[in-house]
Amino acid sequence: MSLITAGVYFTYQPNSPYETHVLKNINLEIKEGEFVGLIGHTGSGKSTLIQHFNGLLKPSAGKVFVDGQDITQKGMKLKAIRQKVGMVFQYPEHQLFEETVFKDIAFGPQNLGMSPQLIEKRVKNAMRLVDLDYVRYRDLSPFVLSGGEKRRAAIAGVLAMNPQYLILDEPTAGLDPRGREEILAHIVKIHRNEGITVILVSHNMDDVARLVGRLVVINQGEIVYDNPTRQVFAEFESLQKISLDIPTVTKLMIRLQEKGWPVRSDILTIEEAQEEIMKVVRGGRADA
Amino acid sequence: MLKDLTIGQYIPGNSIIHRLDPRTKIISLFFYMTGLFVANSTAGYLGVTFFTIGVILLSQIRIIMLLKGLKPLWIIMVLTLILHFFITEGTIIWHWGILKITSEGLQQGIFMLLRLIYLVTITSLLTLTTSPISLTDGIERVLKALYVPVAHELAMMMTIALRFIPTLIEETEKIMKAQMARGADFDSGGLLSRAKSLIPLLVPLFLSSFRRADELAMAMEARCYRGGENRTRMKQLVMKQRDYCTYVVVLIFFGAMLAIRFWK
Ligand SMILES: Nc1ncnc2c1ncn2[C@@H]1O[C@H](COP(=O)(O)OP(=O)(O)O)[C@@H](O)[C@H]1O
Ligand SMILES: [Mg+2]
């Protein structure tokens, strides 16, 4: 069970003066249970790529498979695919439209033709996953919520469809540090507890590197890097060339190494860094 | 699909049509349209057709761009054609049951269709070859010459509206995709369910338009915009020789149209 793109090319507005070749020969396999980060500079084609996974865009060439099914073929029932592959767009709160939070989250399940009882169950569950209290929020207008709450409600709207795969396009864009942490924590929790395969799209290495197990880096429509996250530190220079940074803590450890501290540099979180530094400090400085 | 709408887009270029003074283009457009509505015979429409093709060739805009602009209107075009075919009275050339086509209807239908096509094409051509800034300048100066009050504000509003058509279309597509990802279906079902399916699209669209309008107003005020009062320009519009030539050509075209129609 997996999401696969095989030799996908994509061109916006072909045969016009505005023709742009956005994706070039994308070969990717996302296996069930993975937590994948998709990183690239703004305009590198991340959003375009992920819209292929639920058939919102059709490749100009190449094929896309969802659980072995070719979704680029004619007469494909895309609704079922869109249920299976949940997609949270950038600024998802801009898609809210209903009178109450409940109705808005229920929009997806309703489109899938579920019974009212099942819909209620799904909405409840989805709200629990993003920490919105069901009783308190269900009858509020989505437009009176705070920015972070709106976004969580919008994410719940996708989760309520019970997807097996969840793709989030820059879910932390425009949030303050605390809102960012909250959303990311929820995503990690959803991945761990519900066993949903997650693709996290971002242009911010700091956000993503410490969470995901695998990093896919895309530059000008081509995959330039697809490796376990631990190896990212080794790519310092080639990443810088495409204006992407390695995580700040990793950079710190590399600096310390350069200054002669015997620390490891394949560090991705602050906690790991702290532990590593403490170990070295206790053991005494190498060149002192 | 929606992206194909060409009205309001601008394609930079260096053709003679691009370089004309915007006032010339606006005034010519007025004469062209009047000429188009005056035409009511084969000779008249031939004249308009040649003139239109000439302008398109001079503008160096690819025909395919203009055809794409017509695509969203195909329903209206087909309706126009059919209605005129079957409704106009006259000599019957074909009939089947109560349906009949008259030669007058055939002619009338084709004329109306051409009129529609030329109107859209030439209006698209104006925005395709004129940058939004010079278009505002042009509209403003023409309105001022006609002693329209608040000419600057009117012109500014028109340009902002034009400028935002592509943005709105982009926004519409984005919201549509977001709702389709939640299983929304915009292109099947009966009339009622289709109208209902527009709510998840229209509500967010209105909200984002208001938000944009608010942001734009704020940004303009932050840069001390306060309407047309005491406003000066960096680039003054100056009529060149090519503009005077254009007026001559357009007036000849207009005169010819009048002559074809009214000369006994
Ligand atoms: N709807 C569209 N029409 C035309 N070009 C587009 C459209 N959406 C994106 N593009 C172009 O495609 C390229 C990739 O965009 P996108 O996939 O949004 O990148 P990212 O999400 O990595 O920032 C950009 O150059 C962008 O201008
Ligand atoms: Mg993007």
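Heavy atoms only: backbone and side chains are in, while hydrogens, waters and symmetry mates are out. A note on names: the letters A, B, ... follow the listed sequences, proteins ahead of strands, and every chain is numbered from 1.
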Q. Taking NZ, NE, NH1 and NH2 as the nitrogens, is one of them in Asp185(B) or Arg82(A) under 4.0 Å from a carboxylate oxygen of the other?
A. no
Q | From Ile175(B) atom CD1 to Tyr91(A) atom OH, the distance as rounded to the nearest 0.5 Å | A | 14.5 Å
Q) For Lys63(A), does the NZ atom sit with more than 12 other heavy atoms under 6.0 Å from it, leaving out its own atoms? A) no
**Q.** Heavy-atom pairs under 4.5 Å with chain A, option from Ser197(B), Ser208(B), Gly183(B) with the top count
**A.** Gly183(B)
Q.
I'd like to know whether Met180(B) forms a side chain to side chain contact (heavy atoms under 4.5 Å, CB included) with Asn54(A), so could you lay out the CA-CA distance, the side-chain angles of the two residues, the decisive distance to 0.1 Å, and finally the verdict.
A. CA-CA 10 Å; Met180(B) 274 155 76; Asn54(A) 68 352; over 6 Å; no
Q) Where does Gln83(A) contact chain B at under 4.5 Å (heavy atoms): side chain, backbone, both or neither? A) neither
Q: Answer with side chain, backbone, both or neither: which region of Met161(A) has an atom nearer than 4.5 Å to a non-hydrogen atom of chain B?
A: side chain
Q) In terms of heavy-atom contacts, does CD1 of Ile64(B) have more than 12 from other residues, nucleotides or ligands at under 6.0 Å? A) no
Q | For chain A, the option from Ala181(B), Ala178(B), Pro200(B), Pro204(B) that forms the most heavy-atom pairs under 4.5 Å | A | Pro200(B)
Q. What part of Ile11(B) lies closer than 4.5 angstrom to a heavy atom of chain A: side chain, backbone, both or neither?
A. both
(Q) If you count every heavy atom of other residues, nucleotides or ligands that lies below 6.0 Å from Phe206(B) atom CZ, does the total exceed 12? (A) no
Q. Is it the side chain or the backbone of Leu96(A) that comes within 4.5 Å of chain B heavy atoms, both, or neither?
A. backbone
Q. Counting only heavy atoms not in Phe30(B), do more than 12 sit closer than 6.0 Å to its CZ atom?
A. no
Q) Take atom OH in Tyr225(B); do more than 12 heavy atoms of anything else shown fall under 6.0 Å from it? A) yes
(Q) Are Leu205(B) and His94(A) packed together at the side-chain level, in the sense that at least one heavy-atom pair is separated by less than 4.5 angstrom? (A) no
Q.
Only pairs of heavy atoms separated by less than 4.5 Å count here; which of Arg211(B), Glu171(B), Arg62(B) has the most with chain A?
A. Arg211(B)
Q | More than 12 heavy atoms from other groups under 6.0 Å of CD1 on Ile160(B) | A | yes
Q: Inspect the surroundings of NZ in Lys150(A) and state if more than 12 heavy atoms from other residues, nucleotides or ligands are less than 6.0 Å away.
A: yes
Q.
To the nearest 0.5 Å, what is the distance between NZ on Lys177(B) and CZ on Phe89(A)?
A. 6.5 Å
Q) With a cut-off of 6.0 Å (strictly less than), are more than 12 heavy atoms of other residues, nucleotides or ligands near CZ of Arg223(B)? A) no
Result block: side-chain N/O donor-acceptor pairs under 3.5 angstrom for residues 72-81 of chain A, not counting sequence neighbours:
residue	atom	partner	partner atom	Å
Thr72(A)	OG1	Asp70(A)	OD1	2.5
Gln73(A)	NE2	Asp70(A)	O	3.0
Lys79(A)	NZ	Asn111(A)	O	3.2

Q) Using non-hydrogen atoms only, which part of Glu98(A) is less than 4.5 Å away from chain B: side chain, backbone, both, or neither? A) neither
Q | Distance-minimising heavy-atom pair for Arg182(B) and Phe97(A) | A | NH2-CE2, 3.9 Å
Q. Is Leu207(B) close to Phe143(A) at the side-chain level, that is, under 4.5 Å between some pair of heavy atoms?
A. yes
